[in-house]
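We name chains A, B, ... by the order of the sequence lines, and we start the count at 1 in each one.
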There are 2 protein chains.
Amino acid sequence: MIEPYLLEELVAFSRTGTLAKTAQQLHVTQPTVTRGMQKLEDDLGVQLFDRQPNRITLTATGRHAAELATRLMAQHQAFSTQVQAFDHAQRVLTITATLPGPLLLARQIAQHTDQALSVTTTFSPIDQATDLLTTHQATLVLTQRELQTPTLESRYLGREKLAVNLDQFMYQANQTTVTFAELRGMSFLVLQDIGSWREVIQREIPQAKFLYQTQPSAFREITTYSDFPYFSTNLSRFDPHVATPTDHRVRRPIRDAAAQMPIYASYLKADRQRVKPVLAALRAHWPDD
Amino acid sequence: MIEPYLLEELVAFSRTGTLAKTAQQLHVTQPTVTRGMQKLEDDLGVQLFDRQPNRITLTATGRHAAELATRLMAQHQAFSTQVQAFDHAQRVLTITATLPGPLLLARQIAQHTDQALSVTTTFSPIDQATDLLTTHQATLVLTQRELQTPTLESRYLGREKLAVNLDQFMYQANQTTVTFAELRGMSFLVLQDIGSWREVIQREIPQAKFLYQTQPSAFREITTYSDFPYFSTNLSRFDPHVATPTDHRVRRPIRDAAAQMPIYASYLKADRQRVKPVLAALRAHWPDD
DNA sequence: AACAATTACGGAATCCGTAAAAATT
DNA sequence: AATTTTTACGGATTCCGTAATTGTT
């Protein structure tokens with residue numbers, strides 16, 4: 001059985017090219033690496049190096065072994081982190097999402113639940129959702145699409161509906177709803193982290209300009225002291241920081257189909273019983289409008 | 001970094017259920033396993049076991065860790081074997097196939113080549129072909145279908161064409177070729193190991209009976225002292241053992257499309273230069289008929 | 001002269017087995 | 001009484017660093 005530290009030395013050597021630099025990188029002495037690579041060759045029963053008095057290089061087999069060792073080391077590392085993640089997931093039910101809106105509601109729920117609930121502050125691309133669940137980095141992922149695999153299942157929660165907040169004297173505000181087309185060419189204040197909504201507004205509103213703000217505090221300040229329109233959804237009300245009573249804008253829902261997203265909760269089938277009360281709470285507090 | 005022997009002990013324990021049996025299975029003493037599992041918990045920083053004075057059981061995390069460890073150990077094992085296989089493949093070009101016919105020709109080639117060529121005696125299902133190549137267990141796989149992946153490529157070699165050897169006095173022998181339909185209900189002597197041909201004849205010949213023989217020697221003997229028809233192909237001539245001059249049967253090619261198979265040579269793109277002369281030899285010796 | 005790899009030697013850490021203890025079935 | 005786990009102790013293996021050697025650039 002090959003010892004991991006030998007694989008580590010091999011991988012390091014394949015990157016540095018000399019035993020001296022390898023030793024330096026691993027914080028050991030040269031003789032240690034020399035002996036290590038000799039032992040690795042001996043354990044495998046294979047020649048990995050071409051040796052000259054002052055120079056040592058990988059053979060073709062050695063390069064292949066280093067390539068395989070790199071992957072194996074990554075999996076080795078993943079083992080520890082996954083075990084620890086699983087252990088953590090047993091005590092804390094972690095919720096993440098691909099959109100900010102559902103996370104706001106989730107945070108609300110978390111405060112009124114006796115269970116240990118952790119709601120992440122950042123969100124991930126939807127193509128990482130499956131990985132987050134199977135590696136137990138999250139127990140619940142809120143997404144705009146269903147995820148169906150042999151070990152995963154999804155449950156529909158409700159819809160997130162986009163609205164735009166316009167200055168009350170703008171002519172587009174003289175109707176109960178608007179369309180993306182009617183927002184053509186306008187400039188919007190947008191928070192940097194709005195997940196999948198970003199591609200929606202960029203795709204649907206022609207020739208629009210988006211002033212992305214990284215800091216939520218800066219976003220609030222600029223909205224207060226300017227007339228730029230900004231977006232919100234039916235889930236924005238759960239944002240504890242967005243309470244701006246002195247807003248001169250009016251909220252106008254967007255009629256387009258693309259302005260609505262169905263939200264699903266995805267989780268491991270093995271966790272079905274654990275997430276059940278959380279799903280019930282999310283559905284119970286989902287706004288009707 | 002988790003030591004492999006600790007993972008091995010965990011995997012063994014998850015199967016045996018007690019430390020005593022685990023120790024027995026691994027040929028070590030109980031205290032060794034006790035300390036090992038304590039160290040594993042310590043290294044991972046996670047509780048894997050529920051301990052009672054006379055009983056130790058896996059926690060949920062422990063079961064999950066054992067599951068992950070099982071897979072990791074398999075990959076760990078695969079590392080060594082793959083490095084050794086790669087090393088071996090550098091000196092010996094190994095050819096395998098999904099059909100016996102192309103292998104016969106390959107053996108012929110191997111004798112007239114200066115290069116170190118190894119031709120396997122058994123053949124594998126076609127769905128294992130990709131794995132054989134990527135794990136370097138074979139450098140060349142002869143199959144009836146093309147294999148196309150980012151790292152693999154296939155080259156057409158020729159066709160293998162099925163024929164049936166009938167007693168010269170049978171009425172079906174009164175024509176230059178026959179069809180599968182005309183063989184309806186007959187009984188055939190067939191070698192057990194004929195690869196993908198087996199499903200062809202079973203599917204195409206209605207109500208036929210197949211007398212499968214495991215031993216080639218028994219097959220030859222029965223063909224000699226009986227009148228049962230048997231199959232051969234345009235590649236059978238390369239079989240050094242099948243030279244039976246005193247055969248009372250006549251060879252009749254089968255007309256159906258299903259009685260012909262295109263044969264491709266698949267290999268890693270990285271091996272293209274190495275296999276080039278072998279492919280040329282295979283194509284050069286491929287029979288025209 | 002500087003650098004890279006290897007070998008030799010001694011110390012330190014670790015891992016194992018034997019023996020003994022504690023507790024359960 | 002037999003089985004299972006755990007701890008204690010001593011020995012043996014192994015792994016590492018320092019020092020010295022060899023050979024190259």
Round to the nearest Å and state the distance from [X] atom [atom1] to [N] atom [atom2].
{"X": "B/His27", "N": "C/dG17", "atom1": "NE2", "atom2": "P", "answer": "12 Å"}
{"X": "A/Asp43", "N": "D/dT14", "atom1": "CG", "atom2": "P", "answer": "11 Å"}
{"X": "B/Lys39", "N": "D/dT7", "atom1": "NZ", "atom2": "P", "answer": "16 Å"}
{"X": "A/Leu6", "N": "D/dC15", "atom1": "CG", "atom2": "P", "answer": "8 Å"}
{"X": "A/Leu40", "N": "D/dC15", "atom1": "CG", "atom2": "P", "answer": "12 Å"}
{"X": "A/Gln52", "N": "C/dT6", "atom1": "CD", "atom2": "C1'", "answer": "15 Å"}
{"X": "B/Glu41", "N": "D/dT5", "atom1": "CD", "atom2": "P", "answer": "14 Å"}
{"X": "B/Glu9", "N": "C/dC15", "atom1": "CD", "atom2": "P", "answer": "10 Å"}

Assign [X] to base, sugar-phosphate, or nothing according to its heavy-atom contacts below 4.0 angstrom with the strands shown.
{"X": "B/Val28", "answer": "sugar-phosphate"}
{"X": "B/Thr18", "answer": "sugar-phosphate"}
{"X": "A/Lys21", "answer": "nothing"}
{"X": "B/Arg35", "answer": "base"}

Taking the side chain of [X] as heavy atoms from C-beta outward, which of [options] is closest to it?
{"X": "B/Asn54", "options": "D/dC15, D/dT4, C/dT6", "answer": "D/dT4"}
{"X": "A/Pro31", "options": "C/dA4, C/dT6, D/dC16", "answer": "C/dT6"}
{"X": "B/Ile56", "options": "C/dT24, D/dT6, C/dT7", "answer": "D/dT6"}

Aromatic ring proximity A/His112/A/His285, centre distance under 6.0 Å: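 Not under 6.0 Å, so no.
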Output field: ring centroids B/His88/B/His136 closer than 6.0 Å: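 No, ring centres 6.0 Å or more apart.
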Can you see whether [X] engages [Y] through a side-chain donor-acceptor pair at a distance of less than 3.5 angstrom?
{"X": "B/Thr135", "Y": "B/Gln137", "value": "yes"}
{"X": "A/Ser196", "Y": "A/Gln144", "value": "yes"}
{"X": "B/Thr22", "Y": "B/Thr16", "value": "yes"}

Residue-phosphate contact under 4.0 Å: [X] side-chain N/O, [N] OP1/OP2:
{"X": "A/Thr34", "N": "C/dT6", "result": "yes"}
{"X": "B/Gln38", "N": "D/dT7", "result": "yes"}
{"X": "A/Arg55", "N": "C/dA5", "result": "no"}

First encountered from the 5' end of DNA chain D, between A/Gly36 and B/Ala20: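 Residue closer to the 5' terminus by nearest nucleotide: B/Ala20.
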Along DNA chain D (nearest heavy atom to each residue), the more 5'-positioned of A/Thr29 and A/Pro53: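 Final value for this comparison: A/Thr29.
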